[in-house]
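Below is one structure, written out as structure tokens; comments come after it.
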Protein chains: 2
Amino acid sequence: MKGKRITIYDIAKEVGIAPSSVSKALNNLPSVSNKIKALVKAKANELNYKYNSNAANLRSGFSRTIGVIVPKINVAFFSNAIAGMEEVCFENNHGLIICQSDESYEREVQCIQTLIHQNVDCILISLSQETRATQHLLEIKNNQMGLVQFDRVDESFASHRVVNDNSHAAYEAVKHLIEQGYKKIAFLGGSDHLTVYNDRKQGYLQAIKEADLNIPYNYILDNEFKTETALKAATELLQYKDPPDAFFTVTDHAALGVLKAAWSLGLRVPDEVGIIGFSNETFTEVTFPTLSSVDQQSRNLGKAAANMYFNHMLAAAPVNTVAQNFEMQVIESSLIVRESSERVRAM
Amino acid sequence: MKGKRITIYDIAKEVGIAPSSVSKALNNLPSVSNKIKALVKAKANELNYKYNSNAANLRSGFSRTIGVIVPKINVAFFSNAIAGMEEVCFENNHGLIICQSDESYEREVQCIQTLIHQNVDCILISLSQETRATQHLLEIKNNQMGLVQFDRVDESFASHRVVNDNSHAAYEAVKHLIEQGYKKIAFLGGSDHLTVYNDRKQGYLQAIKEADLNIPYNYILDNEFKTETALKAATELLQYKDPPDAFFTVTDHAALGVLKAAWSLGLRVPDEVGIIGFSNETFTEVTFPTLSSVDQQSRNLGKAAANMYFNHMLAAAPVNTVAQNFEMQVIESSLIVRESSERVRAM
DNA sequence: AATTTATTGGCAATCGGTTTCCTGAATTAA
DNA sequence: TTAATTCAGGAAACCGATTGCCAATAAATT
């Protein structure tokens with residue numbers, strides 16, 4: 001740190017008024033005349049003054065910064081969500097600090113510590129795969145900071161939330177498969193302690209039930225959300241004497257695994273095997289055939305999460321801190337029908 | 001802001017020593033005994049003390065935070081680079097603030113202002129498409145903050161830099177095409193004021209020249225880095241009476257466009273048309289056929305950019321501020337050969 | 001035993017805005 | 001004209017950690 005930074009004291013001296021008045025002028029407070037305001041602003045500009053948010057934050061208690069913790073920053077869903085958050089923060093003149101837990105509970109706890117030290121005003125978090133406890137979330141609240149859970153949330157922990165309509169989206173997806181004439185629809189799920197995956201499973205089950213389909217129990221698998229494992233699982237299922245004629249998977253990566261399995265077994269998609277994945281990853285548009293998927297509106301979800309803070313927590317006076325009621329927003333997903341699930345009308 | 005935050009004063013009172021000693025103990029400074037250190041740390045833990053970085057930063061001048069500005073956060077290359085930076089920052093106990101310029105010069109300037117206000121110690125930046133001037137970069141230096149340009153850099157502006165070996169990588173890619181027997185290799189480039197794209201073009205040209213191939217000038221196009229435009233351009237080129245037999249494109253998206261063009265014209269890839277893209281996007285693995293591409297080691301690049309600060313700027317005493325010599329690191333890319341460029345040995 | 005040298009810990013200033021309280025002047029009301 | 005009310009702007013405390021300097025005690029040296 002070398003060169004002297006321009007401060008409000010420098011401006012005050014130049015203009016010939018008190019530092020406190022400079023502060024008031026720069027913040028457009030009413031107790032200072034327009035003439036002075038203009039003078040101060042002009043001089044600030046002239047001297048190329050940069051206000052020091054550390055100083056301001058220290059005094060005011062607000063950092064005008066919010067933090068976000070995601071499992072993986074380079075997963076399309078999360079990076080899009082972050083892009084949305086960043087947009088909203090920028091509009092509201094707030095900074096955004098990003099941390100990734102790398103799907104580790106321990107890292108997640110560390111991230112929260114870091115953000116507490118940084119004194120962020122609010123934390124937006126999507127839980128890691130490993131996370132079961134919520135002790136660390138409690139600490140956020142103990143430090144008087146805002147908290148918004150998004151996507152991978154713990155429903156038992158009271159806080160504002162933004163989630164997808166996972167169950168309903170899955171229901172629609174499976175219903176679409178049924179409408180296309182598929183009757184033996186297998187399910188490849190995720191870690192079942194994560195509600196996002198579990199909700200998708202419920203949606204699947206509901207659609208199956210409504211259509212009164214008879215699905216063998218071994219068509220319904222958990223923990224098959226990666227390409228490789230899904231490839232293996234699908235290959236096995238498809239070689240049964242009574243194989244599934246369609247797959248609904250909780251991730252696009254799993255859908256890709258199924259596609260590869262069908263391919264290597266010489267089965268035609270969608271004629272002999274229908275496939276729908278989840279998340280609408282970029283690659284779903286370029287596989288052969290292209291993969292149907294559920295689009296989660298991740299960018300909007302991110303915007304909604306950030307707005308949860310700006311609309312419901314920043315302004316809101318902390319009146320009834322005891323009987324708080326938390327907002328819960330559901331972002332609608334939409335089914336993107338591509339080739340892998342649309343049978344040519346040759347029934 | 002409600003509940004009182006625990007400060008070093010609280011700890012001091014409880015332990016019965018001065019606040020300054022608490023600070024020294026917590027920072028492991030030598031002028032405090034181990035006994036006191038243990039006492040202080042135990043008490044800090046007990047009281048659940050969180051240190052306030054705003055206060056510390058204000059006094060010390062360092063924020064232990066670095067800022068990164070990228071054109072788009074949700075582009076695989078950048079989100080991976082950011083993931084790498086985040087990792088390095090985390091290891092070094094620094095925060096990372098992320099901003100996106102959205103390919104706009106104006107936004108880029110605003111991002112820099114924001115980061116200056118936040119008082120970050122260093123800014124890592126990859127320039128937007130629109131950016132031509134570097135006035136705003138100068139301001140970073142005027143504010144005594146570190147600056148590292150990465151990927152999309154302005155070579156005329158003196159600063160630390162981390163880039164890919166774009167030219168060489170392109171050269172290798174085109175050489176590979178030539179080795180596969182392609183003779184009429186077209187080039188789809190990017191905005192030519194960006195050195196990254198221009199370097200790739202130079203590498204292409206060099207390989208062409210060395211092989212003494214005769215390429216019609218209209219095979220070499222700029223500003224064709226998106227899927228749609230590349231699709232159109234390739235369709236046109238492929239319908240010439242003397243069409244290209246291969247394409248080298250500066251992005252994978254353009255490569256995808258070419259693939260689609262070949263497809264719709266009924267041309268077989270790689271037999272009749274060879275294709276190599278750039279960036280190794282996720283989707284290159286799942287197209288039909290799969291796309292060869294250049295992997296940029298984006299995560300490593302991000303780590304290198306962040307380490308540039310930790311290794312060369314943080315420790316380095318600002319001795320010869322005038323005759324500074326800037327580090328320039330080149331990250332090696334590697335060619336990933338997939339189906340789209342590997343002709344079955346049927347020559 | 002006396003004096004020099006280390007070691008340990010405290011005092012107080014400091015970073016740069018923010019905010020409360022207060023004063024003197026200007027405006028309005030009586 | 002005098003008293004009451006506004007209003008613009010200033011003085012100073014404050015946020016919480018850091019750090020240079022100093023004092024007191026302990027240790028080492030002669």
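In the text below, chain A, chain B and the rest are named by the order of the sequence lines, each starting its count at 1. Please read all numbers here as calculations on a predicted model, not as lab measurements.
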### Task
Considering only NZ, NE, NH1 and NH2 on the basic side and carboxylate oxygens on the acidic side, decide whether A/Glu91 and A/Lys303 come within less than 4.0 Å.
no
### Message
For A/Glu327, give me all partners under side chain to side chain donor-acceptor pair (under 3.5 Å), at least two apart in sequence or on another chain.
### Response
none
### Query
Quick one: side chain to side chain donor-acceptor pair (under 3.5 Å) partners of B/Glu108, sequence neighbours excluded?
B/Thr131, B/His136
### Query
Got a sec, which residues hit side chain to side chain donor-acceptor pair (under 3.5 Å) with A/Gln129, two or more places apart in sequence or on another chain?
A/Ser191
### Task
Could you state the atom-to-atom distance from CZ of B/Phe62 to C1' of D/dA17 in whole Å?
15 Å
### Query
Just how far, in rounded Å, is C1' of D/dA8 from CG of A/Leu39?
14 Å
### Query
ring pair (Phe, Tyr, Trp, His ring centres under 6.0 Å) with B/Tyr49: which residues, sequence neighbours excluded?
none
Shorter than 3.5 Å, N or O on both sides, protein versus nucleotides 22-24 of chain D: list them out with atom names.
none

### Message
Rounded to whole Å, how long is the line connecting atom NZ of A/Lys13 with atom P of D/dA11?
### Response
13 Å
### Message
Just to be sure I understand the rule, does A/Asn27 reach a base, reach only the sugar-phosphate, or reach nothing, if contact means heavy atoms closer than 4.0 Å?
### Response
sugar-phosphate
### Query
Roughly how many Å is it from CD1 in B/Ile11 to P in D/dA17, rounded to a whole number?
8 Å
### Message
Nearest whole Å is fine: how far is C/dG16 P from B/Ile116 CD1?
### Response
16 Å
## Note on the structure
Overall bend of the helix from C/dA1-D/dT30 to C/dA26-D/dT5 (five pairs an end, 10° steps) is 50°
### Query
Under the ring-ring contact (aromatic ring centres under 6.0 Å, His included) rule, what pairs show up with a residue in residues 78-102 of chain A, not counting sequence neighbours?
A/His94-A/Phe310
#### Entry: Letter per nucleotide, 5' to 3', of nucleotides 9-15 of chain C [B base touched, S only sugar-phosphate touched, - untouched; heavy atoms, 4.0 Å]
BBBBBBB
### Nearest-Å distance for atom pair CZ/C1', residues A/Arg64 and D/dC15
17 Å
### Query
Quick one: are A/Ile66 and A/Met85 in side-chain contact, heavy atoms under 4.5 Å?
no
### Summary
Residue set satisfying side-chain contact (heavy atoms from CB on, under 4.5 Å) with A/Leu29, at least two apart, ordered chain then number -> A/Lys24, A/Asn27
#### Entry: ring pair (Phe, Tyr, Trp, His ring centres under 6.0 Å) partners of B/Phe157, counting only residues at least two apart
none
### Task
Return the set of residues passing salt bridge (charged side-chain N to carboxylate O under 4.0 Å, His left out) with A/Asp102 (not counting sequence neighbours), or none when no residue passes.
A/Lys72
### Query
Rounded to whole angstrom units, what separation is found between the NZ atom of B/Lys50 and the P atom of D/dG16?
16 Å
### Task
Could you tell me the separation between the CG atom of A/Asn54 and the P atom of C/dG17, rounded to a whole number of Å?
10 Å
### Residues in side chain to side chain donor-acceptor pair (under 3.5 Å) contact with B/Asn34, at least two apart in sequence or another chain
none
### Summary
Per nearest nucleotide of DNA chain D, the residue lying toward the 5' end, B/Asn57 or A/Pro30, is A/Pro30
